[in-house]
Structure formats: structure tokens, C-alpha cells
Amino acid sequence: MGINAPKGTKDILPSQSYKWQFVEKTFKEITARYGFKEIRTPIFEYTELFKRGVGDTTDIVEKQMYSFDDYGGRNITLKPEGTAPVVRAFVENKLYADVLPFKTFYMIPCFRYEKPQAGRLREFHQFGVEIFGTMDMLADAEVIATAVDFLNELKINDLELRINSIGCPLCREAYKESLMSFLKDKYEDLCDTCKGRYFKNPMRILDCKSVECQKLVVGAPRMLDYICEECSTAFDDLKKNLDLMKIDYIVDSGIVRGLDYYTKTAFEIVSNNIGAQGTVCGGGRYDNLIEQIGGPATPGVGFGLGIERLLLLIDQNDEIAPKSPAPDVYIATMGESAKEYGITLSKELRDLDISLELDLMSRNIKSQFKYADKIQTVFTIVIGDEEIENNKLIIKNMSNFEQIVVSREDLVSKLMELLGRN
RNA sequence: GUGGGUAUAGUCAAGUGGUUAAGACACAGGGUUGUGGCUCCUGCAUUCGUGGGUUCGAUCCCCAUUACCCACCCCA
């Protein structure tokens, strides 16, 4: 019996890693367009950070964190999300005294103890952006636009942007009260999970999938009718900005974030094609978080985007996924002196940034060609005693089977020409 | 945490209460005196996730256990 990777984790194998590199590269390009610069924070933090940031009563903090005491007795937690650590770094390094708005992006692994299923892992990866220091709804729109542009750049279709305003602490409290009083005499008829939600997060009942709850919820007060003047104006601003950017959205009052720190803007980008966990990107505004972490009162907005879910979508469309890279050249050799000849040649070609492979398995010529075919090399150079003796090397084009003969002196320039380089 | 499903080679997979567990792909070698896409040949599971039980006999029936998958919950 071997040892498996821990439950809920996945190896990213050489045959897949180029896809990750592709989305990483694309994300860097898109965020650069919007002026985000990368931040790298530790993979673990003091547990207290997430208790304060994410919220003591959230599922994440209550039962999903990978926490442990280190040998010095400090309680440590593997990042369950990306925002709180960025805020911590922002406050600790006093970046609020620097140029504002503070705009940053990150690409990180996150860890949550959950039961794995399609699109949900215990170690998963997020790309995210954050903007600190502005209340302007253009920031929210730019955050959303960054995510939308990124997904468009990857040619991922069939996605829906859903936006909502969950208000500020003041109007949300008023709304919660009215919602709870609306549901009060219906409480006994709620499903079991909604009975729990009634006290913990009553807004989520609106989103319940059970038919009974759906019926009970008809005619319930809507958040958007309760948000205060300021929040309402902000939401209108957001919609106006999205319109100006020609970004389609639907207002969905069911969007509720599971992390305590969100205020006003909440949004999700969802797919219906990757199973039950269809939220590819989720984010919103958090105007009180930075203060909660101990910084000066500073508003913020950002998103997190799940890479595994993104890759599920990319894998559904062969046209999106880039091709696995293939080497330019394979050097097939026969015999010991040819092998040595090939080694010398390989050094020269690789120094010219030509990617190439040699036979590392002492295989016969036929097997070497089979291998060259499998790795989809563009050209194969054939070297045997005969070629060395006559100074006539063979360059074979693997796609059309054509062979040309060149002298050693002309090989490099000919090869560069064939590869379309100068 | 609660449900449901599946476990036979590297992969996909057929199979029956009873001698040597199909097949395909992949992989390796060869037919071709030095050349890959096709073709042909050869090799590749003393064993059916693991542990018990029923039985004269179990890959097949029963129980347990583990792993993976899916859904709820929640979220990215």
C-alpha cells in the first residue's frame, strides 16, 4: 500500500501544469492593465487574524480552518482566504501612508477543511485583487471588470455576473429584523437547515433550495428595499459604471457573502456547467475590515477567483486550453561516437535557446523516433557514423517526413531558418 | 457533519458460485540490413480495494472497513 495525497488535495502533474502557467500569465497581464501589483504574504498567519477578519461565527472559522500550535505555542492557521492577510500586511507595513488607492493582486493556495466534491477541495487556489482606500463605486466596477476581462481573455463563455447590495451594518440590521419578524410565525415550517439560518444568517433562507422554504419566503421583504440612502446611491453608481463599461449583470438579491466582512457591493460570477459548486468568482466591498484588523478606517473592495473551478471550465473547451509545449528538436543518435557528437551539438543548440532532447535511455534508432513522435518534436536530427564521416547531417521535418541534408557548418543557420528565427 | 454511488492491470473495461479472469488503449521489444503516424508478431493481473463470514468452492452472495466520486451544507 502506497501513501496517497491527503484527502481533498490534488497533484498538478507535468501534463497539466502548463495550463496553470497559462492562466497565471493571463491573470498577470490583465491585472497589469488595471494597475494591480502583486503581493505575497505568508502561507500561514496567526489564527487571531482570521477570527477577527473573517468572523468568529462563520463556517470557515468555526469548523474549516487548518489550525495548530507551533513549537513555540503560537496558534497558527493556514490561509483559508486571501483578503485578511493582505489587510494585515497593509496595516503592518503602514501602506495606508503610501499612495492611495492601494491596488494589489495575489495568486495563492487556500486551505479549508471541507468534504471534497466537484469543484471543492481542501487545498485550492485563488487569484484575487484588492483595492483599499476608496469609497468610489468605480473601484467596485473596476474590480468586477478585472474579473470579467480575465475570464473573457480566457474565452470562457456561459458565465453570469450577479450583483447585489447587502447594505452597511446599519441598514442590514434593520433589514434582518424585518426579515426575521416576517418569518417569525413561519419558523416552525422552515427546513432544519433554515431553522439554523434564521438566527445565524437569515438572509440565506431566501436562497434555500427546499420547496417549502421557497413558498414561505414569497412576499418576504427584500434587502434592496431596505438599504439606506447612501448604500442605495452607491448601488446605483455601481450599476451605472458597469453600464458604461458595457458589462452585463443581473441583480440577484440572493447573493449573500459567507464572510462577515462584506458590506454594500456583493457579486458572484457563476457557471452552470461545472456541478453544484458553480461560483467561479466571488467578491465585494468591505468597508470596516481594515479598521477591524487594527488599521485606520479604510474602505476596501476585491474578489477571489477559484482556479480549480476555472480549469474545469477551460477543460470543457479544447479551443481554450493552450497546447502542451513541444521541443524544437530531437537528436537521434546511433553508436557511441554519434552520441558524443550529439552531446556536443546539444550544448551549442541549447545555448541558442533551442529546446531539444537527446536519447537518455540508450534506445535503438526506431524507438528514438517513436519517442520523438510522442513528444511531438518539430525536427529530428539524425546522427550516425556515416553522417559524421561524410559531414552530412540529416534534419527531418517530423510533420511532413521530409529530410534535408546539411553539413555541420551549415546546420545551425539552417536549423534557425527552419525554426523561423534569426 | 449528513446522505447517495463506485471499487477487476498504467487507463477504459467484460465477466461467471467451480479448471489457465475477455477485450481495447497505453507501455516495452521485434518483423524492416540505420527512421516515428499504418500493419503484423511478442511481452505486460497466481488475481479481482482491504478484513471477516456463508459455501465443498467466491472476483461473483453477506457484513465490516478504507479510498475515490457526487450531492446537501457552505463557499472560490
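Letters go in sequence order (proteins before strands), and every chain restarts at 1.
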(request) Give a yes/no answer on whether the side chain of A/S367 brings an N or O atom under 4.0 Å of OP1 or OP2 in B/G29. (result) yes

(message) Do A/D140 and A/T265 pair up side chain to side chain, a donor and an acceptor below 3.5 Å, judged on atom types alone?
(response) yes

(request) For nucleotides B/U47 and B/C60, find the distance between their C1' atoms and express it as a whole number of Å. (result) 14 Å

(request) Taking only the side-chain nitrogens and oxygens of A/N364, find out if one of them lies under 4.0 Å from OP1 or OP2 of B/G30. (result) yes

Detail all sub-3.5 Å separations between protein N/O atoms and N/O atoms belonging to nucleotides 68-72 of chain B.
| unit_1 | atom_1 | unit_2 | atom_2 | d |
| --- | --- | --- | --- | --- |
| B/C68 | OP2 | A/K7 | NZ | 3.0 |
| B/C69 | OP1 | A/K10 | NZ | 3.3 |
| B/C70 | OP2 | A/A118 | N | 2.9 |
| B/A71 | OP1 | A/A276 | N | 2.9 |
| B/A71 | OP2 | A/Q117 | NE2 | 3.1 |
| B/A71 | OP2 | A/A118 | N | 3.4 |
| B/C72 | N4 | A/R120 | NH2 | 3.2 |

(message) Would you say that more than 12 heavy atoms from the other residues, nucleotides or ligands in this model lie under 6.0 Å from the NZ of A/K200, or not?
(response) yes

(message) Expressed as a whole number of angstroms, how long is the span from A/M361:CE to B/A28:C1'?
(response) 9 Å

(request) Send over the distance from A/E114 CD to B/G3 C1', rounded to a whole Å. (result) 17 Å

(request) Mind calculating the distance between CG (A/D359) and P (B/G36) to the nearest angstrom? (result) 15 Å

(request) Round to a whole Å and report the spacing from CG of A/D373 to P of B/C38. (result) 9 Å

(request) Tell me what A/I60 touches on the nucleic acid: a base, only sugar-phosphate, or nothing, going by heavy atoms under 4.0 Å. (result) nothing

(message) Tell me the interatomic distance from A/Y330, atom OH, to B/G36, atom C1', rounded to whole angstroms.
(response) 11 Å

(request) Mind calculating the distance between CD1 (A/I375) and C1' (B/G36) to the nearest angstrom? (result) 11 Å

(message) What is the distance, to the nearest angstrom, from the CD1 atom on A/I331 to the P atom on B/G34?
(response) 21 Å

(message) Quick one about A/Y175 and A/D225 (side-chain donor to acceptor, distance below 3.5 Å, no hydrogens or angles considered), yes or no?
(response) no

(request) Using a heavy-atom cut-off of under 4.0 Å over every strand shown, decide if A/V382 touches base, sugar-phosphate, or nothing. (result) base

(request) Would you check if there is a donor-acceptor pair between the side chains of A/T298 and A/E291 at a distance under 3.5 Å? (result) no

(request) Identify whether the distance between the nearest side-chain nitrogen and carboxylate oxygen of A/R40 and A/E38 falls below 4.0 Å. (result) yes

(message) Looking at A/K366, I'd like to know whether one of its side-chain N or O atoms comes within less than 4.0 Å of OP1 or OP2 on B/A28.
(response) no

(message) How many whole angstroms separate atom CD1 of A/I255 from atom C1' of B/C74?
(response) 14 Å

(message) Tell me which nucleotide, if any, is Watson-Crick or G-U wobble paired with B/A7 when both distances must be under 3.5 Å.
(response) B/U66

(request) Describe the nucleic acid contact of A/Q368 in one word from base, sugar-phosphate, nothing, applying a heavy-atom distance below 4.0 Å. (result) nothing

(request) Just call it for A/E387: base, sugar-phosphate, or nothing, with non-hydrogen atoms closer than 4.0 Å on any strand. (result) base

(message) For A/D149 and A/T146, which I'm curious about, is there any donor-acceptor pair between the side chains at under 3.5 Å?
(response) no

(request) Using a 4.0 Å heavy-atom cut-off across all strands, classify A/E268 as base, sugar-phosphate, or nothing. (result) nothing

(request) Would you mind telling me which residue lines up with the more 5' stretch of RNA chain B, A/G306 or A/F369, judged by nearest nucleotide? (result) A/F369

(message) Partner lookup for B/U16, please. Criteria are Watson-Crick or G-U wobble with both distances under 3.5 angstrom; report none if nothing qualifies.
(response) none

(request) Determine the Euclidean distance between corresponding C1' atoms of B/A9 and B/C48; express it in Å to zero decimal places. (result) 10 Å

(message) Under 4.0 Å, counting only non-hydrogen atoms across every strand here, what does A/T58 touch: a base, just sugar-phosphate, or nothing?
(response) nothing

(request) Considering only NZ, NE, NH1 and NH2 on the basic side and carboxylate oxygens on the acidic side, decide whether A/R197 and A/D192 come within less than 4.0 Å. (result) no

(message) For A/E336, give me all partners under side-chain contact (heavy atoms from CB on, under 4.5 Å), at least two apart in sequence or on another chain.
(response) A/K339, A/E340

